[in-house]
Amino acid sequence: MRAFKLPKIGSFRLGLGLALLTIFVVLGLILPWFAPTNPLTWYKAPRNQGASLHHLLGTTNLGQDIFWLLTWALHNSLILGLTVAFFSTLIGVFAGLAAGYSGGWLDRVLSFLMDALLCIPSLPILILLAALFGGQLSLPIVGVALVLFNWPYPGRQVRAVALTMREREFINVAWFSGESRLKILGRHIFPYIAGWSAANFINTVLVGIATETSLAVIGLSSAQQATIGTMIYWALKYQALLAQRYLWVGAPVLAIVLMFISLFLISSGLAIRSAARRIG
């Protein structure tokens with residue numbers, strides 16, 4: 001009965017998460033290119049306006065349209081999260097497969113690198129880098145640092161799967177039948193970790209966006225680039241709450257909460273469906 005319910009639960013979560021994410025994809029990856037003016041430029045609109053047909057979420061103290069500014073903030077945050085997740089998952093999966101299946105000195109070297117990077121907290125290192133770069137980090141530097149500290153997570157877990165898989169009978173049969181290592185890894189082992197890799201990809205998107213937002217809110221990410229974090233930073237800097245400009249600070253906060261919920265639903269939905277497939 002439980003195994004029967006798992007696919008339905010996973011499909012519901014996955015469907016709801018994808019529906020929410022589609023809204024953010026439209027807002028962050030499509031709408032920014034249709035902005036009537038550059039929303040990053042100050043004093044392009046009347047200051048401190050309330051929500052209206054001309055300004056759907058009102059305007060900021062700096063004369064920026066909050067709705068169009070939010071679309072560009074979502075755009076940059078999504079691009080950063082997706083880029084970090086793509087390279088972290090790609091490097092981690094390949095490194096984990098190579099270490100787990102090959103063994104020997106390659107496994108020892110890669111395992112040492114994974115363990116070493118897993119022991120180092122990324123946020124203090126990013127704060128140190130911000131100090132070295134004059135107090136603010138550009139998005140490319142944040143992205144490279146996040147990839148460096150996030151690929152060991154999928155790498156360690158994929159290595160564990162590869163270690164167990166290489167002793168399976170069908171792997172030995174494939175090996176003795178003359179199949180190459182790359183073909184064995186791609187055809188026989190990777191399908192077992194594909195669903196999990198997709199879920200880990202979504203989790204890494206969350207980590208990338210959350211870390212950059214944390215840096216931006218405390219003023220250590222580049223304040224000249226629109227992200228969810230920098231939007232909150234400027235709202236707090238200009239006392240949006242005290243001035244009762246709730247849409248200015250509330251819009252990015254609500255957006256990131258809903259984005260995290262959608263990504264969590266997709267990640268858990270993929271994990272549940274993968275588990276149900278293995279049970280079935």
Side-chain angles (χ1 to χ4, degrees), residues 77-129 137 139-168 170-172 174-175 179-212 214-215 260 263-264 266-275 277-278:
S77 292
L78 281 172
I79 292 297
L80 175 68
L82 291 171
T83 302
V84 170
F86 174 78
F87 286 106
S88 298
T89 305
L90 184 68
I91 296 171
V93 168
F94 275 100
L97 287 174
Y101 186 76
S102 300
W105 66 268
L106 182 60
D107 183 24
R108 290 192 293 271
V109 171
L110 290 174
S111 295
F112 173 78
L113 287 175
M114 294 176 197
D115 293 339
L117 290 172
L118 285 172
C119 293
I120 302 174
S122 58
L123 189 58
I125 298 299
L126 287 168
I127 293 175
L128 177 61
L129 285 175
L137 289 176
L139 290 183
I141 295 176
V142 173
V144 171
L146 288 175
V147 170
L148 177 64
F149 287 106
N150 279 283
W151 74 264
Y153 291 95
R156 209 66 172 103
Q157 298 185 28
V158 169
R159 173 185 175 273
V161 175
L163 281 172
T164 60
M165 291 293 296
R166 71 178 185 179
E167 304 299 333
R168 300 285 182 89
F170 69 93
I171 298 295
N172 291 326
W175 172 256
E179 292 192 23
S180 65
R181 286 189 176 183
L182 287 178
K183 186 174 289 187
I184 291 173
L185 291 174
R187 180 180 295 180
H188 301 291
I189 297 180
F190 181 73
Y192 281 86
I193 62 170
W196 176 87
S197 298
N200 181 80
F201 176 90
I202 300 300
N203 289 333
T204 310
V205 174
L206 286 173
V207 172
I209 295 176
T211 304
E212 192 282 328
S214 301
L215 288 172
F260 280 15
L263 293 173
F264 167 76
I266 294 173
S267 176
S268 60
L270 288 170
I272 291 172
R273 292 186 66 177
S274 179
R277 193 177 296 115
R278 287 196 297 269

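As a basis for the values below, the full set of heavy atoms in this structure was taken, side chains included, without hydrogen atoms, waters or symmetry mates.
- The minimum heavy-atom distance linking Phe86 with Phe201 is given by the pair N-CE1, 3.4 Å.
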If you look only at distance, which donor and acceptor atoms sit under 3.5 Å apart when one is on a side chain in residues 147-155 and the other is two or more places apart or in another chain?
residue : atom : partner : partner atom : Å
Asn150  : ND2  : Leu146  : O            : 2.6
Trp151  : NE1  : Leu148  : O            : 3.3

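- Residues in residues 79-100 take part in no side chain to side chain donor-acceptor pair (under 3.5 Å) pair, two or more places apart or across chains.
- Of all heavy-atom pairs spanning Ala145 and Leu129, the tightest one is CB-CD1, 4.2 Å.
- The side chain to side chain contact (heavy atoms under 4.5 Å, CB included) test with Glu212 is passed by exactly one of Leu137, Val142, Val84: Val142.
- Residues Asn203 and Leu263 fail the side-chain proximity criterion, which asks for heavy atoms closer than 4.5 Å.
- Distance CG/Leu206 to OG/Ser267: 7.5 Å, rounded to 0.5 Å.
- With values rounded to the nearest 0.5 angstrom, Ile202 atom CD1 is found 12.0 Å from Ser197 atom OG.
- The heavy-atom pair separating Arg156 from Met114 by the smallest distance is N-SD, 3.6 Å.
- Thr204 approaches Ala85 most closely through the heavy-atom pair CG2-CA, 3.6 Å.
- The minimum heavy-atom distance between Leu110 and Ala98, with the atom names listed, is CD1-CB, 4.4 Å.
- Contact record, Gly208 with Leu80: O-CD2, 4.1 Å, taken as the closest heavy-atom pair.
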